[in-house]
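To find a chain, count down the sequence lines: A is the first, B the second, and so on, and within it residues start at 1.
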Amino acid sequence: MFDIKLVRDNPDFVRQGLANKNERDRVDEILQLDENRRKLILETDELKARRNQASMQVGVLKKNGEDASAIIAEMKRVSDEITENDSKLRVIEEDLETILLSIPNLAHESVPVGKSADDNVEVRRWLPEGFSFEKPEYQIDHVQLGKKLDILDFERATKLSGSGFPLYKGKGATLERSLINFMLDFHLQHHGYSEIFPPFLVNKESMRGTGQLPKMQDDMYWAERDGLYLVPTAEVPITNIHRDEVLNEAQLPIKYVGYSACFRREAGSYGKESKGFLRVHQFNKVEMVKFAKPENSFEELEGLVRDAEDILQALNIPYRILMLCSGDLSFSAAKCYDIETWSPAEGRWLEASSCSNFEAFQARRANIRYRKEETKKLEFIHTLNGSGLATSRLMVSMLENNMTPEGKIVVPKALHKYTGFEVIG
RNA sequence: GGAGAGGUGGGUGAGUGGCUGAAACCAACGGUUUGCUAAACCGUCCUACUGUGUAAAACGGUAGCCCGGGUUCGAAUCCCGGCCUCUCCGCCA
């Protein structure tokens with residue numbers, strides 16, 4: 001949720017920030033509502049104070065057997081006025097909340113200002129020994145590979161669920177499962193996370209808490225009868241674990257890692273990019289979530305990115321890190337690094353991870369606070385999350401980069417103990 | 001799905017419609033006492049919004065006893081609707 005105080009205290013800063021994010025400027029609207037709200041509160045609170053006093057008098061008078069009808073008659077009028085004011089106030093506050101819930105987080109000062117993905121900045125890249133961008137003659141894409149080796153069956157999957165729902169078979173299924181287990185174990189053993197296995201259906205409050213609602217409503221699967229949404233990412237259930245809680249400063253940062261299947265309707269995005277794994281409605285992802293103190297959340301973000309990178313290096317997959325520009329940041333993020341892996345067949349980079357710091361944006365929505373030892377005050381915590389990683393795009397790069405001239409797949413060494421085989425085909 | 005019980009502050013748990021932010025106890029924190037620890041005693045001990053105001057503070061008002069309505073001059077307390085938890089029964093992986 002956008003911080004009303006920031007708008008109140010620093011409207012021009014907010015205006016600029018919204019412009020940097022290609023966002024409509026609603027500052028004046030907010031200020032106007034805020035002013036009306038406060039005026040009304042002041043007025044109504046005074047009436048209520050009067051009523052409280054009078055009610056006390058009535059009590060005393062009645063106890064002494066005296067007549068209180070004059071006060072009661074007057075207070076009846078006052079109460080009516082209060083009721084009226086309260087309903088006006090409710091309308092104003094609803095309007096205000098609607099606006100504040102729909103305004104995205106502002107970019108952090110370290111984020112480059114830019115309009116679109118073209119303005120993202122490559123921070124670094126990592127390439128395996130002997131890697132070349134040159135596409136080998138024998139190279140075929142992951143869809144063809146999957147078919148030829150009978151490990152992926154996109155055609156039959158359509159029969160089951162429609163397009164965009166992958167079906168893994170045989171060693172392909174084993175490979176997928178191994179990848180998930182490998183990533184979870186890696187983060188647990190080397191990066192100090194604790195493991196979560198979250199529910200895959202969550203309620204509206206959870207979706208609003210992390211910022212998917214209201215904006216992404218149409219991109220989510222909605223089980224209407226039960227009022228539940230299929231999770232688009234484990235970020236939602238894992239972050240909401242601490243919704244409406246006060247955390248101890250001493251236990252921070254809290255670091256969770258968890259797997260979930262992820263469900264996205266991807267409404268209106270069919271097109272050339274939707275082949276095979278490139279855009280799917282269901283995919284698997286291992287997600288890292290951190291609850292951090294505000295003063296070091298940006299350091300925690302750097303660590304988060306490194307944790308994801310470690311996986312890719314262990315798997316020997318070429319990748320690059322992008323810092324997203326202000327205009328390309330997602331709704332809730334203040335700063336975000338995308339990790340993209342190389343696809344030889346596509347001849348381009350594919351987004352396999354997104355690591356973001358949301359600052360207090362989600363915490364305000366989900367009401368996640370901590371008690372600061374120094375001041376004894378409650379403050380909103382900073383939340384972060386990053387994919388570590390999504391298997392679908394990763395699988396594309398892994399299959400294609402490990403293809404031999406004979407059309408086999410060499411399984412990365414790190415996965416051998418999970419798969420029980422070293423070659424597919 | 002059926003029947004019943006219940007939802008009060010960090011916890012346990014009181015609360016005849018009026019002076020109840022809410023007894024008491026526990027926990028926590030500060031202090032006194034004290035060779036040390038403990039005990040005892042005293043004190044502090046919710047949050048949000050809002051106003052005056054400050055370097056920080058401080059002080060005042062309003063609201064909050066699961067949520068939302070209603071009755072009333074006045075609701076934790078009465079009424080209606082909903083949600084959730086627990087127990088038993090049924091169904092089922």
Side-chain angles (χ1 to χ4, degrees), chain A residues 1-9 30-101 197 199-209 213 222-229 237 240-252 254 261 360-381:
Chain A
M1 172 121 73
F2 207 87
D3 188 1
I4 177 77
K5 291 186 192 120
L6 188 61
V7 184
R8 213 184 273 164
D9 299 340
I30 294 170
L31 289 175
Q32 187 61 57
L33 281 169
D34 185 47
E35 199 189 314
N36 293 348
R37 170 174 174 270
R38 287 155 84 180
K39 230 164 76 188
L40 201 53
I41 286 176
L42 192 60
E43 204 178 296
T44 311
D45 279 0
E46 272 166 18
L47 290 176
K48 284 178 180 168
R50 248 172 77 199
R51 180 177 69 181
N52 288 344
Q53 286 236 306
S55 293
M56 224 144 72
Q57 276 179 35
V58 171
V60 173
L61 288 174
K62 286 205 166 174
K63 207 181 208 169
N64 298 337
E66 294 176 48
D67 177 43
S69 57
I71 303 181
I72 289 178
E74 194 202 338
M75 282 311 115
K76 200 164 188 147
R77 282 205 317 278
V78 171
S79 273
D80 287 346
E81 203 175 332
I82 289 172
T83 308
E84 197 179 313
N85 278 6
D86 274 343
S87 57
K88 272 192 218 160
L89 187 62
R90 196 158 52 228
V91 171
I92 292 177
E93 294 194 325
E94 273 168 17
D95 289 352
L96 195 56
E97 195 188 22
T98 302
I99 295 177
L100 289 174
L101 280 174
F197 204 121
F200 292 179
L201 284 155
V202 298
N203 57 27
K204 282 184 179 168
E205 289 71 29
S206 297
M207 284 298 187
R208 193 172 44 232
L213 284 179
W222 161 233
E224 189 173 6
R225 286 177 64 163
D226 301 290
L228 296 170
Y229 292 88
N240 276 283
I241 286 173
H242 293 300
R243 172 150 50 85
D244 292 320
E245 288 186 13
V246 176
L247 306 172
N248 291 328
E249 184 171 357
Q251 64 185 133
L252 301 177
I254 295 173
F361 190 83
Q362 291 181 329
R364 264 191 302 274
R365 288 172 162 252
N367 191 29
I368 308 171
R369 298 175 295 174
Y370 76 107
R371 177 132 358 230
K372 202 177 165 92
E373 290 293 335
E374 199 186 325
T375 58
K376 305 280 181 211
K377 294 247 166 89
L378 291 174
E379 286 191 23
F380 288 113
I381 209 163

Check every strand shown and say whether R8(A) touches a base, only sugar-phosphate, or nothing at a heavy-atom separation below 4.0 Å. sugar-phosphate

List in chain and number order the residues that pass salt bridge (Lys or Arg N to Asp or Glu O under 4.0 Å) with E249(A), two or more places apart in sequence or in another chain; answer none if no residue qualifies. K293(A)

Considering all heavy atoms, the nearest F380(A)-A360(A) contact: CB-CB, 3.9 Å

Extract from the structure each pairing of a protein N or O with an N or O of nucleotides 76-82 of chain B at less than 3.5 Å, listing the distance.
none

Using the C1' atom in both, what is the distance from C66(B) to U77(B), to the nearest Å? 16 Å

Pairs under 3.5 Å (N/O, protein and nucleotides 29-31 of chain B):
none

C1' atom, G21(B) versus G61(B): distance in rounded Å? 15 Å

My understanding is that only residues two or more places apart in sequence, or in another chain, count here; which of them pass salt bridge (Lys or Arg N to Asp or Glu O under 4.0 Å) with K204(A)? none

Rounded C1' spacing from U8(B) to A14(B) in Å: 10 Å

Please work out if R77(A) contacts a base, only the sugar-phosphate, or nothing of the nucleic acid, heavy-atom cut-off 4.0 Å. nothing

Sorted by chain and residue number, the ring pair (Phe, Tyr, Trp, His ring centres under 6.0 Å) partners of Y370(A) (sequence neighbours excluded) come out as none

Pairwise C1' distance, G9(B) and C65(B) [rounded to whole Å]: 9 Å

What's touching nucleotides 90-93 of chain B from the protein side, N or O pairs under 3.5 Å?
none

Considering only side-chain heavy atoms of I41(A), which listed nucleotide, U47(B), U50(B), G69(B), is closest? U50(B)

Using a heavy-atom cut-off of under 4.0 Å over every strand shown, decide if R37(A) touches base, sugar-phosphate, or nothing. sugar-phosphate

When you measure from the side chain of A49(A), which nucleotide among C49(B), G61(B), A57(B) comes out closest? G61(B)

Considering heavy-atom distances to RNA chain B, does M56(A) or R38(A) have its closest nucleotide positioned more toward the 5' end? M56(A)

Locate the shortest heavy-atom distance separating V78(A) from L47(A); write the atom from each residue and the value. CG1-O, 4.0 Å

Using the P atom in both, what is the distance from G10(B) to C67(B), to the nearest Å? 13 Å

To the nearest 0.5 Å, tell me how far R369(A) CZ sits from I381(A) CD1. 11.5 Å

Would you call I254(A) and L247(A) a side-chain contact if the rule is heavy atoms closer than 4.5 Å? yes

Any pair with a residue in residues 40-58 of chain A that passes salt bridge (charged side-chain N to carboxylate O under 4.0 Å, His left out), sequence neighbours left out, goes on the list, sorted by first then second residue, please. K48(A)-D86(A), R50(A)-E74(A)

Using the C1' atom as the point on both nucleotides, what is the distance between U50(B) and C41(B), in whole Å? 40 Å

Applying a 4.0 Å non-hydrogen cut-off, can you work out what K5(A) is touching in the nucleic acid: base, sugar-phosphate, or nothing? sugar-phosphate

Between U33(B) and A27(B), how far is it from one P atom to the other, in whole Å? 23 Å

Which atom pairs link the protein and nucleotides 7-10 of chain B when you take only N or O atoms and keep those under 3.5 Å?
none

Just to verify, what does E93(A) make a salt bridge (Lys or Arg N to Asp or Glu O under 4.0 Å) with, not counting sequence neighbours? R37(A)

Contacts of D67(A) meeting side chain to side chain donor-acceptor pair (under 3.5 Å) (sequence neighbours excluded), chain-then-number -> S69(A)

I4(A) atom CD1 is separated from U50(B) atom C1', nearest whole Å, by 14 Å

So which protein nitrogen or oxygen atoms get under 3.5 Å of nucleotides 73-75 of chain B's nitrogens or oxygens?
unit_1, atom_1, unit_2, atom_2, d
C73(B), OP2, K76(A), NZ, 3.3
C73(B), O4', I72(A), O, 3.4
C73(B), O3', S79(A), OG, 3.2
C73(B), N4, K62(A), NZ, 3.3
G74(B), OP1, S79(A), OG, 2.9
G74(B), O4', S55(A), OG, 3.2

Please state the P separation for the pair C49(B) and A3(B) - nearest whole angstrom. 43 Å

A40(B) - base-pair partner by Watson-Crick or wobble geometry, distances under 3.5 Å: U32(B)

Residues which pass salt bridge (Lys or Arg N to Asp or Glu O under 4.0 Å) with R371(A), listed by chain and number, not counting sequence neighbours: none

Are L228(A) and W222(A) side-chain neighbours, meaning at least one heavy-atom pair lies under 4.5 Å? no

